[in-house]
Amino acid sequence: MGRREITIGSRGSKLALIQTNIVIDELKKYYPETNFKIREIKTIGDKILDKTLSKIGGKGLFVKEIESALLKGEIDIAVHSMKDVPSKFPQSLEISAITKRADVRDVLITKEDKSLFDLKEGAVIGTSSLRRGAQLRSIRSDVEIVPIRGNVQTRIRKMKEMNLDGVVLAAAGLIRTGLENKISYFFNERDIVPAVGQGALGLETRVDDSLIKEIVSKINDKHTEIAVKAERIFMKVLNGGCHVPIGAYAFIEDGKVKMEGVVASIDGKEIIKAYDEDDIKNYEKLAEEIAVKVLNKGGREILKALEDGE
Ligand SMILES: NCc1[nH]cc(CCC(=O)O)c1CC(=O)O
């Protein structure tokens with residue numbers, strides 16, 4: 001059973017619209033008769049580009065207006081990058097499906113297409129992500145990190161305008177926008193542990209809209225769902241938003257869930273990591289244990305110092 005017309009809310013950036021169209025193409029495989037309409041919604045995160053996200057209130061800024069439209073019934077589904085979805089939700093909304101994850105890695109785009117190790121001593125790299133900055137400095141302590149904001153295309157343009165040696169971005173966003181050929185270096189996911197949810201798309205719906213929930217459930221990818229849920233548990237235990245350098249990556253392999261979590265000091269001098277694996281059904285316990293391990297190995301002091309410094 002389908003519905004004749006379904007309205008999907010999306011941010012208006014090129015990447016967001018491409019992602020929403022990826023989701024629509026998937027849904028169309030199951031509901032070829034349905035007309036999927038996109039409604040573009042501007043979020044505060046799209047409007048304020050001259051401040052770092054942590055200063056203007058965190059990553060919830062990319063989803064709030066879209067959630068309001070969902071609550072008002074103006075749209076039936078919201079498509080989000082799971083990376084931008086905060087731990088807390090309005091009570092009557094939920095993520096009902098997470099599609100198959102794309103490349104989770106972070107990458108470097110450099111002015112002269114140089115690999116990480118060919119960058120000159122003291123190279124200046126643009127990223128507003130504390131997670132990327134700290135972990136990058138743990139591999140190359142000589143590099144200087146400068147904040148840079150805006151959508152994917154803007155950041156590449158700013159790299160040139162600000163005469164930076166490079167910028168760090170998510171592989172997924174570049175691949176989806178057809179800019180894969182600009183990537184100069186792929187960071188190994190164990191060197192720069194990705195952001196919670198990176199590379200995964202989530203479909204948010206109203207809790208009581210069982211018809212729409214049934215429709216979106218068709219494109220849920222069980223392995224991605226478990227991995228992203230595990231990462232989000234890690235984030236919740238650490239109580240970390242985007243103002244703390246934390247990362248987590250879970251994946252399913254050989255019938256097990258395997259997971260790494262990290263907390264870093266801003267300068268990258270302290271990198272606290274924990275890795276473990278367990279049966280898939282124990283993913284929640286695994287995520288909690290990894291979070292506790294990271295806290296006990298020194299993560300607690302790092303998080304405390306960040307709180308006091310704010
Ligand atoms: N913070 C913005 C954002 N949200 C999702 C992606 C990329 C796609 C993804 O990770 O799913 C990006 C761009 C980036 O970080 O380079």
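As the structure is a computational prediction, the values presented were derived from the model and not from experiment. Side chains included, hydrogens not; waters and symmetry mates left out as well; all remaining heavy atoms used. Both ligands and their constituent atoms are indexed starting at 1 by order of listing.
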Quiz item: Which is closest to atom 8 (C) of ligand 1 by heavy-atom distance: Ala102, Gly173, Gly202, Ala16?
Solution: Gly173
Quiz prompt | Any Arg155 heavy atom less than 4.0 Å to ligand 1 | solution = yes
Practice problem: For Phe251, enumerate each residue passing the ring-ring contact (aromatic ring centres under 6.0 Å, His included) test, keeping only those at least two apart in sequence or located in another chain. | Solution: Tyr249
Practice problem: May I ask you to check whether Gly199 has an N/O atom sitting below 3.5 Å from an N/O atom of ligand 1? | Solution: yes
Exercise. Count the heavy atoms belonging to other residues, nucleotides or ligands that lie under 6.0 Å from CD of Gln91, then report whether that count exceeds 12.
Key: no
Quiz item: Taking distance alone, with no angle check, do Arg132 and ligand 1 share an N/O pair under 3.5 Å?
Solution: yes
Exercise. Taking the side chain as every heavy atom from C-beta outward, state whether Lys100 and Leu201 have any atom pair closer than 4.5 Å.
Key: no
Self-check item: Leu211 with Ile219, same ILVMFWY side-chain cluster at under 4.5 Å
Solution: yes
Quiz item: Are the side chains of Gln135 and Pro245 in touch, meaning some heavy atoms are under 4.5 Å apart?
Solution: no
Quiz prompt | Sub-4.0 Å atoms of ligand 1 with respect to non-hydrogen atoms of Arg176 | solution = 8 (C), 11 (O)
Quiz item: If you measure every N/O of Gly197 against every N/O of ligand 1, is any gap under 3.5 Å?
Solution: no
Quiz item: Does the cation-pi check pass for Arg4 over Tyr31, that is, NZ or CZ under 6.0 Å from the six-membered ring centre and within 45° of its axis?
Solution: no
Quiz prompt | Part of Leu201 within contact of ligand 1 (heavy atoms, under 4.0 Å) | solution = neither
Exercise. Would you kindly specify which portion of Ser81 sits under 4.0 Å from ligand 1, judged on non-hydrogen atoms: side chain, backbone, both or neither?
Key: side chain
Quiz item: What is the distance from atom OG of Ser10 to atom CG of Leu17, rounded to the nearest 0.5 Å?
Solution: 4.5 Å
Quiz item: Do Lys83 and ligand 1 have an N or O pair less than 3.5 Å apart?
Solution: yes
Exercise. Please identify which atoms of ligand 1 are closer than 4.0 Å to at least one heavy atom of Leu169.
Key: 16 (O)
Quiz item: Which ligand 1 atoms, with their elements, are less than 4.0 angstrom from a heavy-atom of Gln198?
Solution: 10 (O)
Self-check item: ligand 1 atoms in contact with Ala170 (distance to a heavy atom under 4.0 Å)
Solution: 7 (C), 10 (O), 14 (C), 15 (O), 16 (O)
Exercise. Answer whether the closest heavy-atom distance between the side chains of Arg149 and Ser128 falls below 4.5 Å.
Key: yes
